[in-house]
Student: 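Provided herewith is a single structure, encoded as structure tokens, for subsequent inquiry.
Letters A, B, ... are given to chains in the order of the sequence lines, protein chains preceding strands, and every chain is numbered from 1.
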Amino acid sequence: MTERHKNPDGAGRTSFIRATRSQTAGYQRDALWLAAIVHRLSGVALAVFLPFHFLFLGLALQSEGRLQTAVNWTGNPLVKFAEMGLVFLLTLHLLGGLRVLVIENLAWHDSQKTAATLAVLGAASVALFYLAQIV
Amino acid sequence: MNSSIKVTIWRGAQIGSYQSYDVPQRDNQTVLDLVSWLQRHVVPDLAYRFSCRVGVCGSCAMTVNGRPRWTCRTHVSKVVKDGTLKIGPLANLPVIKDLAADMSPFFDQWHRAKGSFVPSAGRHDPMARVKPGSPRRQAADEAIECINCGVCYAACDSVRWNADYLGPAALNRAWTLINDERDGGNDARLKAVSGLGGCQACHSHQTCEQLCPKALNPAKSIAGLKRRALSAFLKGAL
Amino acid sequence: MTLRLYVWQRLSAVLMVPLIGVHLATIFYASGAQLSAAAILARTSGSVFWGGFYSLFVCAAAIHGAIGLRSVLADWSGLNPRRADQIMWLFGMTLLVLGLRGVAAVVVA
């Protein structure tokens, strides 16, 4: 049982208590909820990846040779697989982000579940296309 | 009486445990019927809340097999799983006792979102004429039927994760007032719903939309607020 | 998340939609053509277009990633808002510096 007290206003909100949290498990496995969580997790993964990506490019500062060594290293199947994962994540995050932008800023449509599914399919096909290119 | 249902019910306050009872199954039995039977025949000190029994008052919401629901309009036959039913108080709220959650945080947020009408005319002014077909009236109409049952609040991840978040119901209410031509409090209201824990804290999981027993769409109302807040911010008004 | 952060988050997102499209197309092209490091650097070095394009991309990504990380931390870690803000700035600045350094490496080199 966890208890959080956060009340910047002082008045109003008393305390926020999560004792009954486990009861709510079960409703959450809906396509739209999954779309939102996938969007969030892919964002975190990209945030973790980006600094390394930038450091990798920075190798060119030291010498072209260092970068070439690194580029060669990307020929490794495992690295190729990871690269495909990143392209997949980026596409997934892009499409998930478009979903949010559309919900928030355009007229409401009820066909979003279809859109969420299509987004995953779109991301998967982009990643597979990429895999086909590099293999 | 031909069969019975195994009912597991939260007993205690913030600290407590689930306890099991057998309740006879009846035709057209609602979850509220079942809880009432239990209180009258087996557990006289069971605390729960209800009033109208017909889906108007919004006081009987509980967590039923993992989902928040209005119990008076939820048929047992529709939600029973393998002959069992697990009933608890609404989530995201403190528990008073058994199935009765403390609704005060929910209504506090309603006030913080400035969810009450601010008149812009007095009793001596002529009656306001609002065209039924006008876009604002229609936007308000879509969101107006809220019965304050707290189902969306209990279902919302953003409420669970962010103690400041005003929640779907309060923001939905603010949206109806922002679309009320007669209301005079909208500058302050837009500030309130885009301040701490405001509409921008919604992650568009749309669980509110899915579970609202009145089939309202708070996520859509919140999206409307986000657009208002965004454009006010870009104009320097917020 | 304050409204100000929300607006920056969404505006950087909108800006990155076309940028990501171009970036993905570039990735496909470079990997499809099996370009060597030298070949990539030959295309990027001294290019005002790629320099400007990727500098803009780095700025938008730094803003977007930092605010996004702050939201996740605020929701899931229970950090107090001030600490979450500090991490946001630290992460955003790190991304900005490393990113612009990377752009400089491939454009100036």
Student: Please report, to 0.1 Å, the donor-acceptor pairs under 3.5 Å made by any side chain of residues 185-201 of chain B, with sequence neighbours excluded.
Tutor:
unit_1 : atom_1 : unit_2 : atom_2 : d
B/N186 : OD1    : B/R189 : NH1    : 2.6
B/R189 : NE     : B/K114 : O      : 2.6
B/R189 : NH1    : B/D183 : OD1    : 2.9
B/R189 : NH2    : B/K114 : O      : 3.4
B/R189 : NH2    : B/S116 : O      : 3.0
B/R189 : NH2    : B/D183 : OD2    : 3.3
B/S194 : OG     : B/L190 : O      : 2.7
B/Q200 : NE2    : B/S194 : O      : 3.4
B/Q200 : NE2    : B/G195 : O      : 3.0
B/Q200 : NE2    : C/M1   : O      : 3.0

Student: Below 4.5 Å from any heavy atom of chain A, which atoms of B/A101 appear? Answer side chain, backbone, both or neither.
Tutor: neither
Student: Apply side-chain contact (heavy atoms from CB on, under 4.5 Å) to residues A/I37 and B/D157 and explain how you reach the verdict.
Tutor: CA-CA 11 Å; A/I37 288 299; B/D157 288 311; 6.0 Å; no
Student: Considering the options B/H203, B/Q210, B/H205, which one meets the side-chain contact (heavy atoms from CB on, under 4.5 Å) requirement together with A/W33?
Tutor: B/H205
Student: Check this for me: A/R40, atom CZ, are more than 12 non-hydrogen atoms of other residues, nucleotides or ligands nearer than 6.0 Å?
Tutor: yes
Student: Output the residues of residues 221-229 of chain B for which the shortest heavy-atom distance to chain A is under 4.5 Å, in residue-number order; output 'none' if no such residue exists.
Tutor: B/A223, B/K226, B/R227
Student: Which atom pair, heavy atoms only, marks the closest approach of B/S204 to A/E104?
Tutor: OG-OE2, 4.2 Å
